[in-house]
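Data first, discussion second: the structure below is written as structure tokens.
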Amino acid sequence: MLQTAQAIDFRQILVFGGVFGPREIDQICWGISSDPHNLRFFREAVRQLEASEDESPALNVRLGVSLYLLGEYRRALEVLKKGDNGALAWFYRGQALMGLGQFQEAVEAFDTAARAGFDQDRCHLAAVEALRQAGKLAEAQARLELVSPQGRQSAEYLYQKACNLRHLSGDPAEIISLLEQAVAVDPHHPGALFGLALECDRYGNDEEAFELYERAASRFPPHVGALLNLGLIYEDRGQLDKAVECYKRVLDAYPNNERARLFLKDVEGARDQYEDEEIRGRHDKLEQLFRIPVSDFELSVRARNCLQRMGIVTLGDLCRCTEQELLASKNFGETSLQEIKEMLASKGLRLGMLAGEKRPPAWLDISSLTPDQQALLNRPVSDLNLSVRARKCMARLGINTLGDLIRYSADELLECKNFGVTSLNEVRDKLASLGLKLRGE
């Protein structure tokens, strides 16, 4: 059983300790996960280790692993090369190479670690991730088959299997099932928690996603994706201090993470200019209502067809319409109007309440396009695999397809809350890969 955070003496483990292996590394990680303030004491122990006059291979292994845990991958690799060429040193050389994006070299290091006596299943699973990151899915799948029957019961195996399946565009239900099994085996597995949070996020289960991101973000070494996404959620909820804390935790471990640096700059600027708390709360609540799809409600076929013809996707779109505009639509009468009004009233909304706001640009007419072009524009915007920040902008604007997206100009997207130049460039790049552009470009 691992010690509690308070009972762990990092200097004893690193500087004065005897055995140093996976158990001691787990103790370090658990101690900092249990109390993030312990990171300072771990750093102090690492600096004391660096200052030691002892330059033995064994000390270099301790120092190299510690530098890896602190996100200093390049230095970790240099120090581990001076280690004892043992199994632990080779395994963490592989991990450092992964951090540097040198995936094929990482696979070779993991294989060397296995030959030197490191846990075979851990080496195979680490190699699976490296091969997948290198785009070698067939090899990643083949390597997964080498894991022992006992290893296939582990959370890491279930997680890697789910990741492979996702990259192979497998059944979403099976992916979710594998991730749930992984979390059941190890409730603290950061990758499985993050993967399950992404699936919940994708299907609109916001509260469950938030709880899973929090659990994934509490681990050490920090899960960068979980911290960034959690920070974005805090931003959306107006909890800017907590968002700042998430981004600073990333930068504390990985000072060169450019996304965290940009997000931190954005949120600190927003915090300085943020509106009154009560007004913000009402605004956020309305904004959430406005992005609810009209498809969530049971409407008559006539009303549904009318809304579809008018390009009305969300309640916000509907609140920009007046009664006269709806009645002017073909086959739309008083009965359908009353149906729509009752639907809005159930959410405390009414027709025309946003009529004075700037309307979204006109819907793209795709009737003259070829079937292939129409099929491309009808693809869901989720196919772009956008970041959480960009995805939330798409949801706010009611953008569901690529055709919906390219009807917007860059300036119109930039008007969306928490959508900045970084997100805009991301959207442009994704569209460009498909031969598409935003309106006016």
Salt-bridged, [X] to [Y], with N to O below 4.0 Å?
X	Y	value
K430	E426	no
R249	D252	no
E207	R237	yes
R389	E235	yes
K248	E245	no
R166	E199	yes

Any chance you could measure [X], atom [atom1], to [Y], atom [atom2], to the nearest 0.5 Å?
X	Y	atom1	atom2	result
I292	L315	CD1	CG	5.5 Å
S382	Y203	OG	OH	9.0 Å
F419	M394	CZ	CE	5.0 Å
S295	I312	OG	CD1	13.0 Å
L196	H189	CG	NE2	12.5 Å
L414	L424	CG	CG	5.0 Å

Any side-chain heavy atom of [X] sitting closer than 4.5 Å to one from [Y]?
X	Y	result
R215	E211	yes
L402	L384	yes
L262	V421	no
L318	L349	no
L351	T322	no
L212	D201	no
L14	V46	yes
Q27	W30	no

Between [X] and [Y], what is the shortest heavy-atom contact and its length?
X	Y	value
E339	S300	OE2-N, 2.6 Å
L326	I340	CD1-CG2, 4.2 Å
L344	C319	CD2-SG, 4.1 Å
L438	L405	CD2-O, 3.8 Å
V267	L240	CG2-CD2, 3.7 Å
V183	A192	CG2-CB, 3.8 Å

Could you walk me through whether E156 and Q160 pass the side chain to side chain donor-acceptor pair (under 3.5 Å) check? CA-CA 6 Å; E156 182 66 12; Q160 293 297 344; 2.8 Å; yes
Side chains of Q181 and S177 only: does a donor on one sit below 3.5 Å from an acceptor on the other?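 There is such a pair between these side chains.
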Report yes or no: do D186 and Y159 form a side-chain donor-acceptor pair below 3.5 Å?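 Their side chains do not contain a donor-acceptor pair, so the 3.5 Å distance test is not met.
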Under 3.5 Å, is there a donor-acceptor pair between the side chain of [X] and the main chain of [Y]?
X	Y	answer
N229	V388	no
N205	E208	no
R261	P255	yes
S33	F220	yes
R320	G316	yes
E24	G21	yes

Run the numbers on T401 and L377 for side-chain contact (heavy atoms from CB on, under 4.5 Å), then give the verdict. CA-CA 6 Å; T401 67; L377 296 185; over 6 Å; no
Are F41 and F10 an aromatic pair by the rule of ring centers under 6.0 Å?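 So the answer is no for these two rings.
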With Y247, which of L227, L228, L230 fulfils side-chain contact (heavy atoms from CB on, under 4.5 Å)?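 Passing option: L228.
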Kindly indicate, with the supporting measurements, whether the criterion side-chain contact (heavy atoms from CB on, under 4.5 Å) is fulfilled by M353 and F290. CA-CA 11 Å; M353 66 184 295; F290 290 147; 4.2 Å; yes
Checking Y157 against D121 for the side-chain contact (heavy atoms from CB on, under 4.5 Å) test, could you report, in this order, the C-alpha distance in whole Å, the side-chain angles of both residues, the deciding distance, and whether it holds? CA-CA 9 Å; Y157 172 82; D121 287 336; over 6 Å; no
Side-chain donor-acceptor distances from residues 137-146 under 3.5 Å, at least two apart:
unit_1 : atom_1 : unit_2 : atom_2 : d
Q141   : OE1    : N164   : ND2    : 2.8
R143   : NH1    : D111   : OD1    : 2.9
R143   : NH2    : D111   : OD1    : 3.4
R143   : NH2    : D111   : OD2    : 3.4

Which word best sums up how the rings of F91 and F110 line up, parallel for under 30°, tilted for 30 to 60°, or perpendicular for over 60°?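 Tilted.
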Counting only heavy atoms not in Q308, do more than 12 sit closer than 6.0 Å to its CD atom?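 Atom CD in Q308 is not packed in, count stays at 12 or less.
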Residue pair K161, R152: steps toward the side-chain contact (heavy atoms from CB on, under 4.5 Å) verdict: CA-CA 10 Å; K161 186 175 180 180; R152 296 185 186 198; over 6 Å; no
Side-chain polar contacts of residues 67-76 - donor-acceptor pairs under 3.5 angstrom, sequence neighbours left out - could you list them?
unit_1 : atom_1 : unit_2 : atom_2 : d
E72    : OE1    : R75    : NH1    : 2.8
E72    : OE2    : R47    : NH2    : 3.3
R75    : NH1    : E50    : OE2    : 3.2
R75    : NH2    : E50    : OE2    : 2.2

Measure from NZ or CZ of R219 to the centre of the six-membered ring of F194, then state whether that distance is under 6.0 Å and the direction lies within 45° of the axis.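 Cation-pi check for R219 and F194: fails.
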